[in-house]
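All chains are named by letter (A, B, ...) in the order of the sequence lines, taking the proteins before the strands, and each is independently numbered beginning at 1. Every heavy atom of this structure was used, including side-chain atoms; hydrogens, water molecules and symmetry mates were not. Just so we're clear, the structure is a prediction, and the values are computed from it rather than from any experiment.
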Protein chains: 2
Amino acid sequence: MTDPIAHTDAGPAAPTRRELNKAATRQAITDAALGLLRSKGPGNFTVEDIADTAGISRRTFFNYFSSTDAALASIVHGFLDNAIKQLRLRPVDEPMLESAQAALMALADPRAVAPLAELFTLTQQSPLMSHTELEAWDHCRAQVFTVARERLAGTPGAQDELYIHALAGSIISCGKAAMEVWFSRRGPDLTPASLAELRQLLIDAMALLATGFNTPAPPSATRSS
Amino acid sequence: MTDPIAHTDAGPAAPTRRELNKAATRQAITDAALGLLRSKGPGNFTVEDIADTAGISRRTFFNYFSSTDAALASIVHGFLDNAIKQLRLRPVDEPMLESAQAALMALADPRAVAPLAELFTLTQQSPLMSHTELEAWDHCRAQVFTVARERLAGTPGAQDELYIHALAGSIISCGKAAMEVWFSRRGPDLTPASLAELRQLLIDAMALLATGFNTPAPPSATRSS
DNA sequence: TGCAAACTTGCACATAGTGTAAGAGTGTGA
DNA sequence: TCACACTCTTACACTATGTGCAAGTTTGCA
């Protein structure tokens with residue numbers, strides 16, 4: 001904010017020292033949390049454990065995250081924020097579903113999905129998706145909603161709130177559905193073939209939204225199986 | 001609440017004393033929680049407050065609910081469990097979306113929505129939907145998924161996991177969308193006209209899922225506005 | 001260099017959530 | 001009607017969570 005040095009958005013990194021430190025601490029925390037999740041299993045470690053492993057105080061942990069759950073869900077947040085970023089890069093006159101599909105394609109990438117896949121496999125044995133994880137998806141839904149509203153603001157009589165809400169929610173649900181199916185089929189498999197299947201699932205899911213669920217027979221299943 | 005004289009319970013339930021007591025306690029807790037939410041606002045009361053108001057011990061509270069949030073979300077749970085019950089009453093050969101729509105129609109009823117509407121208006125000022133509330137919707141989604149899978153198990157080559165996951169998730173999302181739009185338009189208005197609008201929104205939302213979101217123009221908005 | 005802002009940390013404290021064992025209420029068969 | 005088993009409630013103790021606060025440390029900047 002009080003930064004005379006220009007904000008190099010597209011540039012490499014945030015130059016100031018403070019930001020680097022904060023990012024490093026944040027990373028140390030999530031690394032520690034993920035490590036403990038690996039070694040001890042979900043629910044078997046405390047905030048203090050994470051803080052000790054990350055080399056910070058318990059209090060500092062809470063300066064970054066509001067709970068262990070939130071620290072782990074930051075992985076999901078990172079993934080989804082990236083998705084939103086991709087979505088916003090799409091031309092504004094492109095149909096929403098095509099934009100969504102394109103944004104998701106960009107994320108069916110080993111580097112992006114790897115942390116998510118590990119988190120998923122590590123917490124899958126746990127009853128169901130953690131509260132904070134659900135919240136992360138809902139946060140993403142809200143952002144998709146915003147994007148959709150911005151786009152449709154141009155069209156004439158279309159201040160159709162229901163359409164936008166339903167669209168945003170359904171995009172998220174279908175994205176989630178594709179991921180769930182993929183994980184349940186492939187587990188932590190990140191081979192090109194597996195990622196190709198993920199991409200196909202995402203395409204199929206978006207296609208379902210485009211054409212509707214009333215297609216008499218489910219559209220001859222996915223070619224990917 | 002330890003009242004030996006039971007009152008008229010209409011219905012085929014097994015009215016053993018223990019079950020009645022438990023149900024009464026449970027009700028006392030949610031009533032107390034809702035009352036405190038009304039009087040003090042979200043986040044401004046503790047489990048102990050609820051327990052005191054309900055006339056039970058703090059420990060007993062935790063025998064029923066795992067958090068204040070969960071106690072309040074039981075309202076949402078009740079509503080959605082009811083929806084699932086309605087859904088299961090539909091003939092198994094009916095298309096899912098029609099069943100969903102019919103089940104939702106049955107719940108656009110003052111008695112069913114009133115608690116939900118109040119909870120919504122009381123927590124709306126709060127940042128966003130509570131964790132446990134999201135969990136309640138997700139639980140409902142899982143049940144819709146189960147129903148859909150049971151139904152489509154009969155059809156020949158349709159073990160299409162993606163279709164079922166996407167359908168269940170989208171139904172929930174669109175139901176939520178309709179409710180959100182309704183609440184934002186009408187607030188806690190439960191007049192017949194308002195409920196008719198809710199019904200129309202639910203119908204429109206399900207229609208979107210049936211025909212797809214690619215309808216060139218949003219389908220001439222809702223007739224209800 | 002020195003000041004101001006931002007960040008970290010230790011401490012105190014209220015609250016959340018759980019295990020345990022004793023007590024009170026409830027169902028059941030003799 | 002009583003006695004016994006079962007279930008639910010409660011008090012207590014204890015660990016963990018989350019936050020306010022003030023003092024200490026690091027970073028930015030003139």
Any B:Asn21 side-chain N or O less than 4.0 Å from OP1/OP2 of D:dC8: no
B:Arg88/B:Glu150 salt bridge by N-O under 4.0 Å criterion: yes
Polar side chain donor-acceptor pair, B:Thr60 to B:Ser57, under 3.5 angstrom: yes
Donor-acceptor pair between A:Thr191 and A:Asp189 side chains, under 3.5 angstrom: yes
A:Arg111, CZ atom: more than 12 neighbouring heavy atoms under 6.0 Å: no
Selection: residues 56-66 of chain A, any non-hydrogen atom under 4.0 Å of DNA chain D: A:Arg58, A:Arg59, A:Phe62, A:Ser66
Carboxylate-amine/guanidinium proximity below 4.0 Å for B:Glu161 and A:Arg185: no
Integer-rounded Å distance: D:dG28 P and A:Lys22 NZ: 13 Å
Contact list for DNA chain C against residues 44-55 of chain A - heavy-atom distance below 4.0 Å: none
Polar side-chain atom of A:Asp49 near backbone of A:Thr46 as donor-acceptor pair, under 3.5 Å: yes
Aromatic plane relationship, B:His77 with B:His139 - under 30° parallel, 30 to 60° tilted, over 60° perpendicular: tilted
Presence of B:Thr25 side-chain N/O under 4.0 Å of D:dC8 phosphate oxygens OP1/OP2: no
Distance-only side-chain donor-acceptor flag, A:Ser194 / A:Trp182, under 3.5 Å: yes
Nearest heavy atoms of B:Ser170 and A:Ser173, plus distance in Å: N-CB, 3.9 Å
Exercise: do A:Asn21 and A:Arg17 side chains pair donor with acceptor under 3.5 Å: no
Protein N or O to nucleotides 27-29 of chain C N or O, pairs below 3.5 Å:
unit_1	atom_1	unit_2	atom_2	d
C:dG27	OP1	B:Arg17	N	2.8
C:dG27	OP1	B:Arg18	N	3.4

